[in-house]
There are 2 protein chains.
Amino acid sequence: MAAKRSDARSKQSQRIDEPLQPEQGPHGEPPLSRERIVAIAVELLDAEGTGGLTMRRLADRLGSGVMSLYWHVDNKEDVFDLALDSVLEYREPPQAIASGDWREEVVQMLGDWRAGMLRHPWSASLLPRRALGPNILGRLELLGNALSRAGVADADLNVAIWSLWNYVMGATITRANFDVPDHERAAAQQRLEHLGERYPTIERSRLLLDDDWDGVFRRGLDFLLDGLVP
Amino acid sequence: MAAKRSDARSKQSQRIDEPLQPEQGPHGEPPLSRERIVAIAVELLDAEGTGGLTMRRLADRLGSGVMSLYWHVDNKEDVFDLALDSVLEYREPPQAIASGDWREEVVQMLGDWRAGMLRHPWSASLLPRRALGPNILGRLELLGNALSRAGVADADLNVAIWSLWNYVMGATITRANFDVPDHERAAAQQRLEHLGERYPTIERSRLLLDDDWDGVFRRGLDFLLDGLVP
DNA sequence: ACCTGAACACCGTTCAAGT
DNA sequence: ACCTGAACACCGTTCAAGT
């Protein structure tokens, strides 16, 4: 049980001194760098989705040749890994949350996690196939720590972390993918009414019609936490 | 909140009478059909993973021209949708499970669901982006029905179904993607020991080292059910 | 109703070469 | 140390045409 590909380093030697203000290149373009590539990749993914990220298009936006990217990055997979992890970076120091109430703490952490991914809907569908980057690992560490302080036994920690991770991942993916654009909503409603005969329970539960995603997420999380720490 | 693309029908008119034994074509190849295309697509996905499914390769294996596929199928997306749903078909009538114990019933249903997907590891990563086909909807209906009989109030049914769906989906995806092939295991162990300094809780929980996936799945599911139906 | 090949507009990546 | 263009071996899908 281990992270795949998480040690994929590029050929680039590890830089110690990172210039904060990269000087402009001769033609107004800042020089290529791992960071710049990832930033633009995220932009591209936000704008066009998973299918829109192309090494050629990426190079275009960066004002460089396609093959120049390969100096900084192993391959396209690598770009995906880096883009995903970058989305899960913490924007504010997580200590701000650390109140006394562990449960509220966990709920906040997972809510922030979900929100970060929903800001970049492609990230949810990508998560399953990607390695665990440092930001993801950092969030898992924080989660485990909070659970441990809440009194979850070491023997159960494993299960507790995975359960919550799985729940958040599943909920985020579901939310990101089943949200129908407004102009399709009418057609979708129609189709589902027709489904009622074959799937009466689904219809009764309003499973596909209710759109209080945040509420469903929060209530389900509460149920799970009830089970984990009675 | 509604299924995307779930009404995508091909240009083919709805067949009422499906011949059980399609006669051989003149060159030993049975004629092209939606069913045959999907079956071979699943074979291809099992053998080569998501990246291995190509319209050209698919046509090759079917002994037909590439463009012939497009008569039976809308496009590559459509093939993915159909392949995914076909994997979730019930092999035995689900009534066999219906004992009296609703909880055991739910656990069995979800275990079977997960097992079906793990037999085709590509299906887990695919699920997030696909529409709800009839087999998926059928399983959701069955699940909701069992929960309802177990005493979950109609007002909570929505949350209960989604929570379990999210949990199973997350757990299956995690399992399918973090299972390291044996020959990579040694290297992975090494890497993770090195990680212990920065992520002490993760190390202590053996989050990435324990490989009792089935146990973790079952125990987490129990916790969730405890919360859902105390 | 069903199948086809040629053509179009793309892909990711290797390689040998430039500065 | 960093960047490059040409070339290779692929893609999915449109189209006009065949039976």
Side-chain angles (χ1 to χ4, degrees), chain A residues 5 8-19 22-37 40-41 44-45 48-83 129, chain B residues 5 8-19 22-37 40-41 44-45 48-83 129:
Chain A
R5 270 176 278 125
R9 306 296 305 157
S10 82
K11 284 147 281 179
Q12 188 181 213
S13 58
Q14 203 88 300
R15 287 249 208 87
I16 304 294
D17 49 333
E18 201 72 51
E23 63 268 32
Q24 299 285 114
H27 301 301
E29 295 286 1
L32 231 43
S33 71
R34 213 159 219 263
E35 289 71 28
R36 223 161 78 75
I37 292 176
I40 302 290
L44 206 46
L45 285 163
E48 320 247 13
T50 317
L53 180 56
T54 275
M55 295 306 269
R56 289 168 204 260
R57 269 203 265 209
L58 191 49
D60 254 23
R61 287 219 187 186
L62 286 158
S64 77
V66 201
M67 295 316 297
S68 312
L69 303 179
Y70 285 81
W71 178 262
H72 303 271
V73 137
D74 282 346
N75 46 36
K76 199 186 177 185
E77 291 272 284
D78 201 16
V79 177
F80 274 125
D81 285 349
L82 294 166
R129 280 190 286 181
Chain B
R5 269 178 279 124
R9 306 296 307 157
S10 83
K11 286 146 279 176
Q12 188 181 217
S13 59
Q14 205 87 301
R15 289 248 209 85
I16 305 293
D17 49 331
E18 201 72 53
E23 60 268 32
Q24 300 286 112
H27 301 300
E29 293 287 1
L32 230 42
S33 72
R34 215 161 217 262
E35 288 71 28
R36 223 162 76 77
I37 292 177
I40 302 290
L44 207 45
L45 285 163
E48 320 248 11
T50 317
L53 180 57
T54 277
M55 296 304 270
R56 290 168 204 258
R57 270 202 266 209
L58 192 49
D60 253 23
R61 287 219 185 185
L62 286 159
S64 77
V66 199
M67 294 317 298
S68 312
L69 303 179
Y70 285 81
W71 179 262
H72 303 271
V73 137
D74 283 344
N75 48 34
K76 198 185 177 185
E77 292 272 284
D78 201 17
V79 178
F80 275 125
D81 285 350
L82 294 167
R129 281 189 286 181

* Report yes if a side-chain nitrogen or oxygen of A/H72 is closer than 4.0 Å to either non-bridging phosphate oxygen (OP1 or OP2) of D/dA1; otherwise report no. => no

Rounded to the nearest Å, what distance is computed from the [atom1] atom of residue [X] to the [atom2] atom of nucleotide [N]?
X: B/L53; N: D/dC10; atom1: CG; atom2: P; answer: 16 Å
X: B/L62; N: C/dT4; atom1: CG; atom2: C1'; answer: 15 Å
X: B/R34; N: C/dC2; atom1: CZ; atom2: C1'; answer: 15 Å
X: B/L69; N: D/dG12; atom1: CG; atom2: P; answer: 10 Å
X: A/D60; N: D/dT4; atom1: CG; atom2: P; answer: 12 Å
X: A/D78; N: C/dT13; atom1: CG; atom2: P; answer: 10 Å
X: B/M67; N: D/dG18; atom1: CE; atom2: C1'; answer: 15 Å
X: B/N75; N: D/dC11; atom1: CG; atom2: P; answer: 17 Å

Which heavy-atom pair separates [X] from [Y] by the least distance, and what is that distance?
X: A/L58; Y: A/V79; answer: CD2-CG1, 4.1 Å
X: B/L32; Y: B/L62; answer: CD1-CB, 4.0 Å
X: B/M55; Y: B/V73; answer: CE-CG1, 4.5 Å

From the options [options], select the nucleotide whose nearest atom is closest to the side chain of [X].
X: A/R56; options: D/dT13, D/dA6, D/dA7; answer: D/dA7
X: B/S68; options: C/dT13, C/dC3, D/dC11; answer: C/dC3
X: A/R57; options: D/dC15, C/dC11, D/dG12; answer: C/dC11
X: A/W71; options: D/dA1, C/dC3, D/dT13; answer: D/dA1
X: B/Y70; options: C/dC11, D/dC11, D/dT13; answer: D/dT13
X: B/K76; options: D/dT13, C/dT4, C/dG12; answer: D/dT13
X: A/L32; options: C/dT4, C/dT13, D/dC3; answer: D/dC3
X: A/M55; options: D/dG12, D/dC15, C/dT13; answer: C/dT13

* **Mate of D/dG12 where both pairing distances stay under 3.5 Å, Watson-Crick or G-U** => C/dC8

* Using the C1' atom on both, measure C/dA17 against D/dC2 and round to a whole Å. => 13 Å

* Distance between C1' atoms of D/dA9 and C/dC10 (Å, rounded) -> 13 Å

* Reference residue B/R34; test salt bridge (charged side-chain N to carboxylate O under 4.0 Å, His left out); the match among B/D74, B/D78, B/D81 -> B/D78

* State, yes or no, whether a side-chain contact exists between A/T54 and A/E48 at a heavy-atom distance under 4.5 Å. => no

